Number of protein chains: 2
Amino acid sequence: MATDPLSLVFQALADPIRRAILTRLTTGDATVAELAEPFDVTQPAISRHLKVLETAGLISRTRRATARLSHLEAEPLREVTTWLARYQQFWDESHERLDELLAALQSKRQDDPDRTDAVAEKGNGHG
Amino acid sequence: MATDPLSLVFQALADPIRRAILTRLTTGDATVAELAEPFDVTQPAISRHLKVLETAGLISRTRRATARLSHLEAEPLREVTTWLARYQQFWDESHERLDELLAALQSKRQDDPDRTDAVAEKGNGHG
DNA sequence: CGCATATTTAACCTACTCGTTTTGAAACAA
DNA sequence: TTGTTTCAAAACGAGTAGGTTAAATATGCG
């Protein structure tokens with residue numbers, strides 16, 4: 001697996017149990033037993049999920065007697081959002097282009113579907 | 001691996017090559033050979049990365065003669081952002097706390113808003 | 001200390017990922 | 001048809017992810 005920070009975070013988020021754990025932690029810190037309760041897996045499995053989340057920087061942990069509390073650390077999620085921001089224009093553009101296409105189809109029988117190929121030609125040049 | 005849509009997308013993003021491919025596609029559609037060129041892996045490896053991206057819905061593909069063009073599909077990234085929005089308040093809160101901390105320290109320098117290291121110190125109390 | 005609680009670690013298993021090389025297939029040109 | 005180009009699929013190996021059970025560890029109580 002890739003070990004760069006962003007890959008660690010995405011990898012950590014690529015599991016429904018781990019995402020559910022993060023969601024649960026938005027309501028407050030919790031013990032391992034509390035976090036394990038909703039899921040049909042054993043506690044060691046949850047322990048390892050927590051370790052993955054901790055390695056990704058998505059949680060921090062403290063002790064309270066014999067228990068260990070997990071605490072949500074959202075900063076890496078902010079960095080994910082920063083990375084994603086670069087692509088926001090593309091889903092925005094998709095909607096704009098769809099609107100344009102629909103408008104064009106509505107006004108007249110249009111015939112230039114190769115606009116996307118024009119984009120590909122632009123992509124031919126590297127740099 | 002989990003097969004729900006969100007997990008597929010996160011899993012697809014958890015690889016630097018695949019993220020770089022998406023970035024490259026923001027400049028326009030590209031062939032497999034063009035996408036493979038910057039990387040030190042063989043063409044079949046890129047083909048499989050593209051299949052992962054396609055399964056996640058992050059690219060679509062069309063033929064142009066013997067070549068196959070990959071096209072960025074940003075919609076799943078928007079859904080990722082929607083999922084992440086839930087956590088925005090938590091890094092906002094972190095910032096409020098960071099601001100308080102900095103106000104408490106209140107002394108020497110107030111230059112960069114980029115001192116995320118302070119957050120790391122707080123969150124990474126690993127030992 | 002001895003014991004209980006809460007959690008981690010170890011050992012193991014299965015299945016998947018990501019890379020390789022080799023082979024197959026689709027589109028097209030002569 | 002044959003050949004070329006471009007890509008996908010097959011087959012294989014090394015490493016990893018995620019699950020299990022069983023044992024080890026850390027903390028607190030009497």
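Letters A, B, ... are given to chains in the order of the sequence lines, protein chains preceding strands, and every chain is numbered from 1. Bear in mind the structure is a predicted one, so any value in this text is a computation, not a measurement.
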* Structure fact -> Between A:R63 and A:R48, whichever has its closest DNA chain C nucleotide further toward 5' is A:R63
* Taking only the side-chain heavy atoms of A:T66 (C-beta and beyond), determine which of D:dA26, C:dT20, C:dC18 contains the nearest atom. => D:dA26
* To do: Nearest whole angstrom, please: distance from the P of C:dG19 to the CG of B:D40.
  => 11 Å
* To do: Round to a whole Å and report the spacing from CD of A:Q11 to C1' of D:dG18.
  => 11 Å
* Have B:T31 and B:R64 got a donor and an acceptor in their side chains that come within less than 3.5 Å? -> no
* Structure fact -> Atom CD of A:Q43 and atom C1' of D:dT21 are separated, to the nearest Å, by 14 Å
* Structure fact -> note: A:R61, atom CZ; C:dA6, atom P; distance rounded to Å ~ 16 Å
* To do: For the pair A:K51 and A:E54, evaluate salt bridge (charged side-chain N to carboxylate O under 4.0 Å, His left out) and give the outcome as yes or no after the intermediate values.
  => CA-CA 5 Å; A:K51 191 172 189 178; A:E54 188 178 24; over 6 Å; no
* Asked: Considering only C:dT7, D:dT21, D:dC7, which nucleotide approaches the side chain of A:P44 most closely?
  -> D:dT21
* Is B:L13 close to B:R18 at the side-chain level, that is, under 4.5 Å between some pair of heavy atoms? -> no
* Asked: Is it true that the side chains of B:T23 and A:Y87 contain a donor and an acceptor less than 3.5 Å apart?
  -> yes
* Full working for side-chain contact (heavy atoms from CB on, under 4.5 Å) between A:D29 and A:L25 -> CA-CA 6 Å; A:D29 298 358; A:L25 290 178; 5.5 Å; no
* Length of the line joining A:D15:CG and C:dC16:P, which is rounded to integer Å -> 15 Å
* Asked: Which nucleotide sits closest to the side chain of B:V41: D:dC7, C:dT20, D:dG19?
  -> C:dT20
* Asked: What is the distance, rounded to the nearest whole Å, between atom CG of B:L69 and atom P of D:dT6?
  -> 13 Å
* Could you check A:A65 against A:R18 and say which one's nearest nucleotide on DNA chain D is further toward the 5' end? => A:R18
* **C:dT9 OP1/OP2 closer than 4.0 Å to side-chain N/O of A:K51** => yes
* Asked: Which nucleotide, C:dT7, D:dT6, D:dG19, lies nearest any side-chain atom of B:A67?
  -> D:dT6
* Round to a whole Å and report the spacing from CG of B:L53 to C1' of D:dC7. => 16 Å
* Rounding to a whole Å, what distance do you find between A:F39:CZ and D:dT20:C1'? -> 18 Å
* Phosphate OP1/OP2 of D:dA17: any A:H49 side-chain N/O under 4.0 Å -> no
* Between A:R64 and A:M1, who's closer to the 5' end of DNA chain D by nearest nucleotide? -> A:M1
